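One structure is given here, and the rest of the page talks about it.
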Amino acid sequence: MPWPVYLALKQLFPSGRISFFTIIATAGIMLGVTIMLMVTSVMGGFGYQIGRMIVDTQGDIQITAVTLIDGRKAEQIEKVLAATPEIEAFAPFASGVVMLEYANKPVFPSIQGFSFERMKKVLPLQRFMVAGSLDDMDDDSVILSTILATNLGVDTGDKISVYSPLMMERIKKNEALLPREVRVAGIFKIGHQQLDSSTVLCSLRLMQDLYGLDRRVHGYNVRLKPGANMEEVALKLEQTLPLGTKALTWYETNAEFQAIVAFERNMIFFLMTFIILVAAFSITSSLLMAVVRKTREIGLLGAMGGRARDVALCFCTQGLLLGAAGTGLGLALGFYLLHYRDNIVHLIARLSVGQGTFQKFYQFSELPSHTVTRDVVFIVVFSVIASTLAGLIPAWRAARLKPVEALRSE
Amino acid sequence: MLDAVIKAAGVRKNYLSGDRTLAVLQGVNFSVAAGESVSLRGESGSGKSTLLNILAGLDRPDAGELFWDNEAAHRLSLGQLTARRGRFLGMVFQSYYLIPEIDALANVLMSARILGSVGAPERSRAALLLQRVGLGERGHHLPTHLSGGERQRIAVARALMNRPKLILADEPTGNLDERTGDEVISLLLEVCAEEKTALVLVTHNPAHAKKTARQLLLQNGCFV
Ligand SMILES: Nc1ncnc2c1ncn2[C@@H]1O[C@H](COP(=O)(O)OP(=O)(O)OP(=O)(O)O)[C@@H](O)[C@H]1O
Ligand SMILES: [Mg+2]
């Protein structure tokens, strides 16, 4: 073992014990790493959960066309989709905006029409139902999102009126089309404020009637087999699908939203790095004090033939070792806390506002968490480098000490 | 005198104190033969430590030549001198300067560690030296658990670890009571003789000085 490393170890662990300085400095880095890991994981968890939700409501890939997709084109598309081995299931959809009216109260939700039998294989619709049943669906019924239903004051079985833009068209031609009376067959809840506040689901047939689409559809939702590479499949589909059709991943169709999520995450990540920097600075100040305290010993190392750069290496190594130990412990503590995060959240809830209130106000009972390997690698590299650099300033000071002057400093 | 271990010729050293130059060494000529012991005395501030530092290659003279084993050390940079110092000479100081985090044996071994690896031969030599200075049983004690005299013995063992040709000792008894000081000086002279290591001993104590083969007195920047 080179002597600078030996001496660094001995100064951190004098005669087998752990020095107080080692404990404090390691704890600083450890806490920084723990907090950084937890915050990024929970932030990532929210983003990941929203991503999952988008996939659950529109599939991995959406096929859309510039024009409406008619029977002939639909046949072409379905042939391509069926021939793609990575695709688990797909189903056509038509979407738009309608006006709903109940007891003279109008709302303007977006509406999605699809064949429930086919769409069930693409989207986990059953999972979202909180009242009524998918099996109850026919061409004269709709399913409302939960907040929408609450706002309208309707329950399953109630009748509501649906007005479509087609009626405006007809009025221009001096024809009148009566609103469609439909039955509320069920209520669903996705767990996302915006989606839950104004979405209506209906059968593809009803949607085609409301929009005068005849047999045409707007596009297809596609679900991939687990492990399939979304981007690759989308790219492949782009090439094989008929002209004028696009295959976009859920990420692309929500690019703007994803950009915001990513920005928030990066911002938090950036702010969190300062915690580690502060911890690194505490290492710097402690090591600087050690250099001052050990001035004469450092002079002696020079008198014994130790090179200035090896003296510097000794202090840098201390920074590196503290950083590595702190990072390792920080990751361990971070993953441990993440594993038991729900217990911790529940404990905090119980101790503060009470479990029930907490769930009501914060909309979640379980804290999401999603740890990305890239983030972990970044945290590790960053904190180890920061700690090593923290040792660099004291190291430089130590290396600059001339043995004669150091020894004379009685 | 070809077998001089160390030789200094016309060494001058000035210090600037305020706007006055302080001529500490004014052409010192000095040489030590292999295995010889020499004592240096002089008033406080006469430049004994300054000379020792220059001999050790820790400091540079303003003028003059220095030879280590007939090698022109004054032509080497401080870095090059540092690289050779650990093998060529050992130093003992008034304040011991042991490393507090490691035990006595490890402190002795530190000299070898700085030169390179530490293996079984180094370990047995360190143990032997500790035994020789009368601390064979105390190898695993930390410096803070040892008395001043014991610490200085360890410093002596450490200085001898790499079988240097020369030991430079700067007032090694300055922090010790009279009896302990006498013991340390006797020990130092004995082991240097056994190891055939030359010794330059800076001391204020005439009795200690008398024990060396040659006595020098530094006055007004020159030996008299
Ligand atoms: N770096 C320096 N700058 C200015 N003056 C210095 C410096 N180093 C030493 N001196 C001066 O040089 C002179 C000789 O100092 P030195 O330490 O060599 O004396 P000494 O003979 O060892 O004294 P002592 O017996 O007290 O140890 C002193 O007057 C001291 O003040
Ligand atoms: Mg002195």
Side-chain angles (χ1 to χ4, degrees), chain A residues 1-23 25 286-287 289-315 317-318 321-322 398-410, chain B residues 13 15 49-50 52-60 78-118 140-145 155 158-159 161-162 164 168 170 174-175:
Chain A
M1 194 191 308
W3 71 265
V5 178
Y6 169 82
L7 211 54
L9 279 171
K10 287 296 176 186
Q11 286 180 359
L12 294 178
F13 307 102
S15 62
R17 288 176 300 109
I18 303 177
S19 79
F20 194 57
F21 158 63
T22 308
I23 295 174
S286 308
L287 284 179
M289 286 198 301
V291 170
V292 173
R293 205 175 59 233
K294 292 179 178 296
T295 297
R296 282 172 297 154
E297 280 168 47
I298 292 169
L300 177 94
L301 289 171
M304 293 204 305
R307 287 176 302 188
R309 82 174 102 115
D310 285 335
V311 171
L313 183 61
C314 173
F315 285 93
T317 306
Q318 291 187 46
L321 290 173
L322 291 171
R400 253 187 7 153
L401 281 176
K402 294 208 180 69
V404 230
E405 282 156 27
L407 290 168
R408 208 178 267 282
S409 70
E410 291 281 322
Chain B
K13 183 77 183 175
Y15 284 117
S49 298
T50 303
L52 223 55
N53 287 337
I54 288 171
L55 293 178
L58 289 170
D59 208 354
R60 307 210 72 112
L78 281 180
Q80 288 168 319
L81 287 169
T82 299
R84 283 156 218 238
R85 183 160 49 240
R87 221 170 274 289
F88 177 65
L89 58 82
M91 296 185 83
V92 180
F93 298 92
Q94 180 175 344
S95 309
Y96 335 123
Y97 300 142
L98 299 181
I99 295 167
E101 288 91 356
I102 56 180
D103 63 26
L105 186 69
N107 262 292
V108 176
L109 274 173
M110 199 62 209
S111 300
R113 232 175 250 288
I114 286 178
L115 288 192
S117 61
V118 166
H140 293 294
H141 286 228
L142 288 179
T144 43
H145 298 161
R158 176 176 67 184
M161 177 67 211
N162 296 329
L168 301 173
D170 193 352
N175 283 0

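Values below: all heavy atoms of this structure, side chains included; hydrogens, waters and symmetry mates excluded. Every chain is numbered from 1, with letters handed out A, B, ... down the list of sequences. These numbers come from a predicted model, not from an experiment.
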| Is A:I18 atom CD1 crowded by more than 12 heavy atoms from other residues, nucleotides or ligands, each under 6.0 Å away? | no
| said: With a 4.5 angstrom heavy-atom cut-off, is it the side chain or the backbone of A:L7 that approaches chain B, or both, or neither? | reply: side chain
| Quick one: what part of A:K402 sits under 4.5 Å from any heavy atom of chain B, side chain, backbone, both or neither? | neither
| task | May I ask you to decide whether B:E101 forms a salt bridge with A:R17, counting only side-chain N to carboxylate O separations under 4.0 Å? | result | no
| task | Check the surroundings of atom CZ in B:R60: do more than 12 heavy atoms from other residues, nucleotides or ligands lie under 6.0 Å from it? | result | yes
| note | If one checks every heavy atom of B:D103 against chain A at 4.5 Å, the contacting part turns out to be neither
| task | Would you indicate whether the side-chain heavy atoms of B:I102 and A:Y6 approach each other to under 4.5 Å? | result | yes
| query | Does A:D310 reach the side chain of B:I114, with side-chain heavy atoms less than 4.5 Å apart? | reply | no
| request: List the steps and the verdict of side chain to side chain contact (heavy atoms under 4.5 Å, CB included) for B:I99 and A:L301. | output: CA-CA 9 Å; B:I99 295 167; A:L301 289 171; 4.2 Å; yes
| query | Rounded to the nearest 0.5 Å, what separation is found between the CH2 atom of A:W3 and the CG atom of B:L115? | reply | 11.0 Å
| message | For B:L98, which atoms come within 4.5 Å of any heavy atom of chain A: side chain, backbone, both, or neither? | response | backbone
| said: Is B:R158 close to chain A through its backbone or its side chain, or both, or neither, when contacts mean heavy atoms under 4.5 Å? | reply: side chain
| query | Do you know which of B:G86, B:A83, B:A159 has the most heavy-atom pairs under 4.5 Å to chain A? | reply | B:G86
| task | Using ring-ring contact (aromatic ring centres under 6.0 Å, His included) as the criterion, list what pairs up with B:F88, not counting sequence neighbours. | result | B:W68
| request: Might you point out which heavy atoms bring B:L58 and A:L407 nearest each other, and give the distance in Å? | output: CD1-CD1, 4.1 Å
| side chain to side chain donor-acceptor pair (under 3.5 Å) with B:T82: which residues, sequence neighbours excluded? | B:R85
| Atom CE in B:M161, atom CE in A:M304: separation rounded to 0.5 Å? | 11.0 Å
| field | OH on B:Y97 to CZ on A:R296, rounded to 0.5 Å | value | 5.0 Å
| Does any non-hydrogen side-chain atom of B:R113 lie less than 4.5 Å from one of A:P2? | no
| query | Does the side chain of A:R408 come within less than 4.5 Å of B:T50's, by heavy atoms? | reply | yes
| message | Tell me which of these, A:A308, A:S19, A:P4, A:G302, has more heavy-atom pairs under 4.5 Å with chain B than the rest. | response | A:G302
| task | Below 4.5 Å from any heavy atom of chain B, which atoms of A:Q11 appear? Answer side chain, backbone, both or neither. | result | both
